[in-house]
Student: 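Structure incoming, see below.
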Protein chains: 2
Amino acid sequence: MNGQSVSVKDVAQRANVAVGTVSNVLNHPERVAEEKRKRVLAAIRELGFVRNDAARQLRAGRSRTIGLIVLDVGNPFFTSVARAAEDAAAETGSAVVLGNSGQDEDRESHYIDLFEEQRVQGLLISPVGDVSDRVMALRDRGVPAVLVDRIADPTLFSSVSVDDTVGGYLAARHLLELGRRRLAFIGGPDSIRQVHDRRLGAERAVAETPGAGMEVFEEKELTVLAGRAAGDRLAARSKAERPDGIFCANDLLALGVMQSLTMLRDLRIPDDVALIGYDDIDFASSAVVPLSSIRQPTRLLGQTAVELLAEEISHPDKHRQVVYEPELVARASTVGA
Amino acid sequence: MNGQSVSVKDVAQRANVAVGTVSNVLNHPERVAEEKRKRVLAAIRELGFVRNDAARQLRAGRSRTIGLIVLDVGNPFFTSVARAAEDAAAETGSAVVLGNSGQDEDRESHYIDLFEEQRVQGLLISPVGDVSDRVMALRDRGVPAVLVDRIADPTLFSSVSVDDTVGGYLAARHLLELGRRRLAFIGGPDSIRQVHDRRLGAERAVAETPGAGMEVFEEKELTVLAGRAAGDRLAARSKAERPDGIFCANDLLALGVMQSLTMLRDLRIPDDVALIGYDDIDFASSAVVPLSSIRQPTRLLGQTAVELLAEEISHPDKHRQVVYEPELVARASTVGA
DNA sequence: ACGTCACAGTGAAACGATTCAACAAGTCGA
DNA sequence: TCGACTTGTTGAATCGTTTCACTGTGACGT
């Protein structure tokens, strides 16, 4: 009905009290006598008053939001982290606003600017490139940041991440414990840190096991199609030369390999070849042969990121590196039905 | 270095100009003489000044953000819509902040409150329940809204959506044009509007085709596992009783059916049975047999939502219903390799 | 009867960017 | 030389909320 915005002043007028009292009803109800409080609340309802957040922030000098910049909103890993961060922030009355960099440094930079203008309480960021300079400048201006899914220089920042070498180790050891000795690692570009670390972890497990070996294949992409191509190459080999355990750097690759082995050739999983992926995406459990995988504690990541940010706010010069360990999820593709 | 926030006043002092001039450098550079502009910009750089968005908004009475509330950030349909909306909003200098209701009315309500306090320019929402009352109250207070993926009462709101009956029609007609006559529709709970409409559309196509018929199966969930169960039942039938064309209400169901038919039984797709899904998720194209599907114009949805919102802002009493048609994506699962 | 307290309530000041009426200085034409 | 006009600059007022020093009132103890 009314076009204009209703302010505390209007409410105060209507309820016949001072503006300060209206504010107290909103923020310190215990300081206001029962009767006036009721009158104020009634006025608020009648006028449809809604707090103006911009004015609050301006006065407070700080907003109640936390900025989160992720590499890819389409990636379930990040949406899960985001949801957990949201929940954790909600506990302290903060809200999380999400920015999607899409692996693009310009967009990332743009969101950093936006969030700084909004005077967010802090920034959670899974950086595209090297953002140390920008992030340090931010902190000098009073906006702390926590790196997500990346380990930071402990003297500079706090960070939360998951140890990919442990994940790789778990996957490979799982295959080895099942008696497999001729392993294959199917990865993507080794320049991707995650791929690199997973391979390293797997190699460590293999080195610990006498008589075991592992071939490494480097695909161009971490996709189903790339996995299928790799699978085709392996399946074409003779039984003696074929690996009996395959560890893929992510689930997409693994699903591609599975398609290739089971459909096009007639190999049985896990009898002929045991197969394990990484990430435990939704599809892993509903594959033709449910796929074993390595699950990352995404919710814990998001929650911890928010906690670390709170610590950074209270102790700007203390930093902490939290590294979680991923978890093995054994399904039929390794242990059978 | 400095703990305090730097304001225009500080910049003005440093550059030896008035605050108004600093503001003009930022917002109307052409009004400021070359020399002073340079001095101001230098001061901004030296002091690390960053605009305080809260103060801007307060003065402007309106923020530069648009609120978007989606049912599920994990759903690629919505993330795609969100990204398109983001891009469209960026063109007009606005930013989109994303809220995830997760199908929960309380969370939805919470985000509506939050966005209203933030005085967003407007709200894009794919509502959980019936939000007409809340949304109308919002509009009365000057915050327009556009419904996404739902048709609104044209006298009340604007909306963008996709016509699911057309999608169903396209899918069924495609199968019919390939000569299939014994169709099956595998759906989920018919209470879900999308499922219901897709079935209706398919039935229309069948009714238009002499000699064609369609069985309807109602699964409990729209998942791969439910699809596999349905596939098992169909595959167990004799060739004469088995459908020769299957339309699934979404791609997950279709992938389940595909697993069942090709792996467990030995039916060929599309020779023995043609199969088409709905949504065209990423996995559809990389399935063992690339899956035909119906693609929704998600980017167009997001873009149009932003445009409609702009219209609502300029003409609050005019509403428009935009309904898009989905598109057939024919792949090997119907037309072969 | 008087000082001390606790409690409610008041309203001006502050947060920081933007706007705008007012003014200054310079240019041009007559 | 004067007025008309252009161009650049100034700084007070404004947005809506919260804070806080202050006032008013009544209860209580001595």
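Chain letters run A, B, ... following the sequence lines, proteins first, then strands; residues in each count from 1.
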Student: Can you give me the closest heavy-atom contact between B:Glu312 and B:Phe157, atom names plus distance?
Tutor: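 Minimum heavy-atom separation between B:Glu312 and B:Phe157: OE2-C, 4.4 Å.
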Student: With respect to the phosphate group of D:dC15, does any side-chain polar atom (N or O) of B:Arg119 fall under 4.0 Å of OP1 or OP2?
Tutor: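 No, B:Arg119 has no side-chain N/O under 4.0 Å of OP1/OP2 on D:dC15.
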Student: Whole angstroms only, please: what is the CZ-P distance between A:Arg64 and D:dT17?
Tutor: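 Going from A:Arg64 (CZ) to D:dT17 (P), I get 13 Å.
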Student: Mind checking whether A:Glu117 and B:Arg56 have side chains closer than 4.5 Å, heavy atoms only?
Tutor: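 Side chain of A:Glu117 against side chain of B:Arg56, heavy atoms only: contact under 4.5 Å found.
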Student: Across the strands shown, which category fits A:Val32 at heavy-atom distances under 4.0 angstrom: base, sugar-phosphate, nothing?
Tutor: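 Answer is sugar-phosphate: A:Val32 comes under 4.0 Å of backbone atoms only.
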Student: Rounded to whole Å, how long is the line connecting atom CZ of A:Arg62 with atom P of D:dT18?
Tutor: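 From A:Arg62 CZ to D:dT18 P: 17 Å.
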Student: Atom CG of B:Asn24 and atom C1' of D:dT10: how far apart are they, to the nearest Å?
Tutor: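 In whole Å, D:dT10 C1' and B:Asn24 CG are 10 Å from each other.
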Student: So, is B:Ser7 close to the C:dG16 phosphate, meaning a side-chain N or O under 4.0 Å from OP1 or OP2?
Tutor: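 Checking C:dG16 against B:Ser7, no side-chain N or O comes under 4.0 Å of OP1 or OP2.
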Student: Which listed nucleotide (C:dG11, D:dG8, C:dG9) is nearest to the side chain of A:Lys36?
Tutor: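 Selected nucleotide: C:dG9.
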Student: If the threshold is 4.0 Å, N to carboxylate O, is there a salt bridge linking A:Arg83 and B:Asp72?
Tutor: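 Yes, this pair counts.
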Student: Closest approach to the side chain of B:Arg59, judged atom by atom: which nucleotide of D:dA13, C:dG11, D:dT10 is it?
Tutor: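 Shortest atom-to-atom distance from the side chain points to D:dA13.
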Student: Of the options D:dT17, C:dA17, D:dA12, whose atoms approach the side-chain atoms of A:Ala55 most closely?
Tutor: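 For the A:Ala55 side chain, the nearest candidate turns out to be D:dT17.
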Student: Does A:Asn27 put a side-chain nitrogen or oxygen below 4.0 Å from OP1 or OP2 of D:dT18?
Tutor: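 Looking at the OP1 and OP2 atoms of D:dT18, one of them is under 4.0 Å from a side-chain N or O of A:Asn27.
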Student: Which nucleotide wins on minimum distance to the side chain of B:Leu58, given the candidates C:dC15, D:dC15, D:dT9?
Tutor: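 Ranking C:dC15, D:dC15, D:dT9 by closest atom to the B:Leu58 side chain puts D:dC15 first.
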Student: Would you mind telling me which of D:dT17, C:dT18, C:dG16 lies closest to the side-chain atoms of B:Leu26?
Tutor: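 From the listed options, C:dT18 comes nearest.
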Student: Of A:Arg31 and A:Val8, whose nearest nucleotide on DNA chain D comes first from the 5' end?
Tutor: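 Mapping each residue to its closest nucleotide by heavy atoms, the 5'-most match is A:Val8.
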Student: Nearest whole Å is fine: how far is C:dT19 P from B:His28 NE2?
Tutor: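 Roughly 5 Å, once rounded to whole Å.
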Student: Do A:Val6 and A:Val11 have side-chain heavy atoms sitting under 4.5 Å apart?
Tutor: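 Yes; the side chains approach each other to less than 4.5 Å.
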Student: Which whole-number value in Å describes the distance from B:Glu35 CD to D:dG8 P?
Tutor: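 Atom-to-atom, B:Glu35 to D:dG8, this comes out as 12 Å.
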Student: Does some side-chain heavy atom of B:Gln118 sit less than 4.5 Å from a side-chain heavy atom of A:Val50?
Tutor: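 Counting from C-beta outward, A:Val50 and B:Gln118 never come under 4.5 Å.
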Student: Contact class for A:Gly61 (heavy atom, under 4.0 Å): base, sugar-phosphate, or nothing?
Tutor: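 The residue A:Gly61 makes no contact with any strand.
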Student: Can you measure A:Gln13 atom CD to D:dT17 atom C1' for me and round it to whole angstrom units?
Tutor: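 Value for this atom pair: 17 Å.
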Student: Tell me: CZ of A:Arg56 to P of D:dT18, nearest whole Å?
Tutor: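 Taking CZ of A:Arg56 and P of D:dT18, I get 5 Å after rounding.
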Student: Take the protein atom CD of B:Gln57 and the nucleotide atom C1' of C:dC15, then report the distance between them rounded to whole Å.
Tutor: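 One finds 14 Å between C1' of C:dC15 and CD of B:Gln57, rounded.
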Student: OP1, OP2 of C:dT10 versus side-chain N and O of A:Thr21: anything below 4.0 Å?
Tutor: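 Yes, such a contact exists.
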Student: Output the single nucleotide from D:dA12, C:dG16, D:dT10 whose closest atom is nearest the side chain of B:Val17.
Tutor: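 Nearest listed nucleotide: D:dT10.
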Student: So, are A:Arg39 and A:Glu34 salt-bridged, with charged N and O less than 4.0 Å apart?
Tutor: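 The answer is no: the pair does not qualify as a salt bridge.
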